[in-house]
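Notes for the one structure printed next.
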Amino acid sequence: MMSLHDDFEKEVRNATETALESIGAAGAEYRIERPSAGNADLAVPCFQMSKALKKAPKDIAEELAAAIEPAGMMISAEALNGYLNFTMDPRILMRRTLDEILESGDRYGGHGSNGIRVNVEHTSTNPTGPIHVGRARNPIIGDTLARAMRLSGYDVTTEYYVNDVGKQVVILTWGVNNIPPEDVEEADREKTDHALVAFYRAANRMMESDPEVQEKIADLLRRFEAGDNGVISEVRETAQRMINGLKETLDKINVELDVYTWESKYIADGTTKNVVKQLRESKYAGREDDGACYLDLKDFGIKGKNTKFTFTRADGTTLYTTRDLAYHLDKFRRAERVIDVLGEDQKLGSQQLCSALEILGCDRKPEALFYSFVSLPEGKMSTRKGIVVYLDDLIDEAVSRAYEEIRSRRTDLSEERMTEIASTIGVGAIRYNIVRVQPEKQMVFKWEDALNFDGNSGPFLQYSHTRACSMLKKAGEFKPSTDPSKLTDEYEVALVKALSRFSSVIDEVTEYGRVHMIPAYGHEVASAFNQFYASVPVLSSDDERNERLTLVMCTRIVLHNVLTCLGMGAPEEM
RNA sequence: GGACGGGUGGCCUAGCCUGGAUAUGGCGGCAGCCUCCUAAGCUGCAAGCCGAGGGUUCGAAUCCCUCCCCGUUCGCCA
């Protein structure tokens with residue numbers, strides 16, 4: 001189904017072409033744009049045709065405007081400053097937008113199921129410690145993208161790739177099984193991930209200072225690589241305990257992953273071995289004197305002094321990216337679109353992966369979505385050095401701050417209700433503030449920004465939603481009506497314009513992964529709604545009461561859908 | 001040194017792909033608005049050489065070139 005805006009653009013195109021013909025300029029090149037200034041709904045700049053037509057842009061615009069008889073959705077075509085400006089009939093805008101929202105409800109913004117399977121891999125942090133805010137962008141960006149794609153109509157699966165292979169988890173496992181609990185620093189909370197990371201830190205310290213420990217860990221790693229089932233299951237069990245802790249944190253910020261896939265699986269099922277075999281046979285493969293195998297990727301746009309991508313060690317064991325190849329081949333079988341949310345440190349690895357896939361004869365590539373790490377004002381975060389702000393601590397702080405806020409302004413709510421709302425607000429503030437900025441932009445973590453509850457913030461959206469809820473509750477029963485002749489205030493028109501843009505925002509998000517468009521859009525809707533609220537009476541109006549309440553109802557639906565996409569609760573009061 | 005990403009009022013940020021009309025919004029600052037639907041709100045004001053310099057164009061925050069600053073990366077780690 002064509003959207004309102006597509007239909008309007010089509011009318012503008014037809015009208016423009018007919019007008020060009022009538023002034024003897026058929027076939028002239030032109031562009032239709034959505035003006036940033038609020039002069040019109042669509043505009044055609046007449047500068048580029050000026051030279052060919054040997055006329056001033058201003059005159060062209062005027063001639064074209066005169067040649068157009070507004071009809072259909074178009075209510076006016078006017079010339080201004082060399083632009084041909086088109087305005088949509090607000091009555092049609094009103095009627096179609098509000099009817100569609102009422103009809104679609106919580107599906108508004110999407111297009112209905114499209115049957116396309118998409119796999120969104122996100123989070124996938126090494127199971128060696130709790131999630132810290134440096135990496136918190138990953139689950140939040142990934143989950144938001146997945147939610148937007150679900151709304152849009154995709155069949156989405158989210159997936160966590162658990163790195164249960166390699167030195168890091170082996171060190172952790174050795175520490176957990178060999179260091180007496182009294183020898184490690186006390187954990188700051190009881191969650192398993194916090195309890196276990198102390199052993200990881202201690203094991204790292206011991207390994208650095210004690211050659212004997214180093215040898216024990218090396219031995220464990222050798223047995224792991226050799227396929228010792230006892231060691232493998234020990235490592236897996238430790239990683240599982242860590243994952244359980246991480247899941248609790250993710251659950252608190254409304255992130256739930258559909259599938260946990262263990263890296264070791266691709267060694268056990270032989271698919272990694274197949275990948276190695278095929279890579280060795282390719283013409284790009286080479287072998288070092290000691291037996292390590294590599295691909296030379298200088299023909300694949302990878303520049304620099306070292307274009308070699310090593311895929312097996314001298315002893316024949318595989319490396320992370322080699323196993324990642326097997327993993328991606330598996331994902332390609334399970335989904336039509338494969339998306340990886342990755343830290344910017346994975347860029348080269350991802351590029352090597354894509355080149356190797358090509359060498360394997362695979363014509364598909366994952367869509368990588370990269371984000372920059374969040375740092376602290378004093379520098380980079382580091383789990384091992386303890387320079388770190390844990391996501392759990394950020395959540396606690398945000399929720400307790402939200403609790404203080406609500407207690408200071410409400411006296412009528414039960415303790416339980418306030419606690420519940422505080423959690424919704426605190427978590428919402430965190431998710432909003434993280435997803436708000438474009439992923440590739442580097443962020444410096446500041447408590448005052450992370451806990452912002454005013455202006456361009458999560459609570460601002462939630463507050464606007466509660467306002468709508470509160471009005472609807474006070475209104476009681478009413479007869480919904482989308483009669484556009486009753487909705488003529490400029491604030492009403494501006495609000496509906498904002499509401500009508502939702503699906504084009506979702507499209508942009510699902511097509512290019514630009515998740516930060518969602519909070520920006522939500523802010524725009526909430527802001528338009530608050531302005532409407534401040535200047536247009538609703539409950540006390542007579543003639544337009546049903547229509548205004550319907551507009552409030554539609555706004556509530558859109559805000560609710562936006563909040564759901566952002567993984568934020570939509571409270572009815574706060 | 002190479003590759004990739006970022007640089008926009010005091011602070012944070014949108015716009016950049018697809019060049020167009022007065023550069024988006026927020027924080028902070030100043031001045032107003034609750035006898036009326038929740039003031040986590042609304043209105044107004046001050047604040048910008050869009051990192052620097054060239055180029056292309058009728059027109060550049062946006063495209064091209066050079067340079068500067070910040071981040072990431074250049075492991076037989078994951």
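Everything numeric in this text was worked out from a predicted model, so none of it was measured. Proteins get letters first, then strands, A, B, ... in listed order; numbering begins at 1 in each.
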Which of these nucleotides, [options], is closest to any side-chain atom of [X]?
| X | options | value |
| --- | --- | --- |
| A:Thr321 | B:A78, B:U73, B:A21 | B:A78 |
| A:Arg410 | B:U38, B:A21, B:C76 | B:U38 |
| A:Thr310 | B:A21, B:C76, B:C17 | B:C76 |
| A:Phe47 | B:C37, B:A78, B:C58 | B:C58 |
| A:Lys380 | B:U73, B:A21, B:C37 | B:U73 |
| A:Tyr463 | B:C76, B:C74, B:A39 | B:A39 |
| A:Asn456 | B:G25, B:G71, B:A21 | B:G25 |
| A:Glu263 | B:A21, B:A39, B:A78 | B:A78 |
| A:Lys347 | B:G5, B:C27, B:U38 | B:G5 |
| A:Ser527 | B:A78, B:C58, B:C42 | B:C42 |

Checklist entry - Rounded to whole angstroms, how far apart are CD on A:Glu225 and C1' on B:C77? => result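 Rounded to the whole Å, the gap is 11 Å.
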Checklist entry - Whole-Å distance between B:C36 P and A:Leu539 CG? => result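 That distance rounds to 14 Å.
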Name the atoms and distances for all side-chain donor-acceptor pairs under 3.5 Å in residues 518-529 of chain A, with sequence neighbours left out.
unit_1: A:Tyr521; atom_1: OH; unit_2: A:Ala498; atom_2: O; d: 2.6
unit_1: A:Tyr521; atom_1: OH; unit_2: A:Leu499; atom_2: O; d: 3.3
unit_1: A:Tyr521; atom_1: OH; unit_2: A:Phe502; atom_2: N; d: 3.4
unit_1: A:Glu524; atom_1: OE1; unit_2: A:Arg501; atom_2: NH1; d: 2.9
unit_1: A:Glu524; atom_1: OE2; unit_2: A:Arg501; atom_2: NH1; d: 2.8
unit_1: A:Ser527; atom_1: OG; unit_2: A:Gln531; atom_2: NE2; d: 3.4

Taking only side-chain N and O atoms of [X], does any of them lie within less than 4.0 angstrom of OP1 or OP2 on [N]?
| X | N | value |
| --- | --- | --- |
| A:Arg514 | B:A14 | no |
| A:Gln531 | B:U43 | yes |
| A:Arg287 | B:C76 | no |
| A:Ser470 | B:U38 | yes |
| A:Arg34 | B:U18 | no |
| A:Tyr491 | B:C42 | no |
| A:Ser36 | B:A21 | yes |
| A:His516 | B:G15 | yes |

Checklist entry - Does anything in residues 436-446 of chain A reach RNA chain B, meaning a heavy atom under 4.0 Å, and if so which residues? => result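 Listed by number, they are A:Arg436, A:Val437, A:Gln438, A:Glu440, A:Lys441, A:Gln442.
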Next on the checklist: Taking A:Lys473 first and then A:Glu572, would you say they form a salt bridge - that is, a charged N and a carboxylate O separated by under 4.0 Å?
Outcome noted: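 No, no charged N to carboxylate O under 4.0 Å.
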Item to check | Those residues that, when tested against A:Leu80, pass side chain to side chain contact (heavy atoms under 4.5 Å, CB included) (two or more places apart) | outcome: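 Partners of A:Leu80 by the side chain to side chain contact (heavy atoms under 4.5 Å, CB included) criterion, ordered by chain and then number, come out as A:Asn39, A:Asn85.
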Item to check | CA sep, side-chain torsions, deciding dist, call: A:Asp412, A:Arg410, salt bridge (charged side-chain N to carboxylate O under 4.0 Å, His left out) | outcome: CA-CA 6 Å; A:Asp412 56 323; A:Arg410 296 293 290 266; 3.0 Å; yes
Pairwise [atom1] distance, [M] and [N] [rounded to whole Å]:
| N | M | atom1 | answer |
| --- | --- | --- | --- |
| B:G19 | B:G59 | C1' | 8 Å |
| B:C11 | B:U43 | C1' | 24 Å |
| B:U38 | B:C49 | C1' | 45 Å |
| B:G51 | B:A46 | C1' | 25 Å |

Next on the checklist: Nearest 0.5 angstrom please: A:Asn433 CG to A:Arg436 CZ, how far?
Outcome noted: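 It is 5.0 Å, given to the nearest 0.5 Å.
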Checklist entry - Any side-chain heavy atom of A:Ile425 within less than 4.5 Å of one from A:Glu405? => result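 A side-chain contact is absent here, since even the closest heavy-atom pair is not under 4.5 Å.
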Next on the checklist: For a 4.5 angstrom cut-off between non-hydrogen side-chain atoms, does A:Thr272 reach A:Tyr327?
Outcome noted: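 With C-beta onward as the side chain, the pair stays apart.
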Item to check | Check: A:Phe309 ring centre within less than 6.0 Å of A:Tyr294 ring centre | outcome: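 For A:Phe309 and A:Tyr294, the ring centres are not under 6.0 Å apart.
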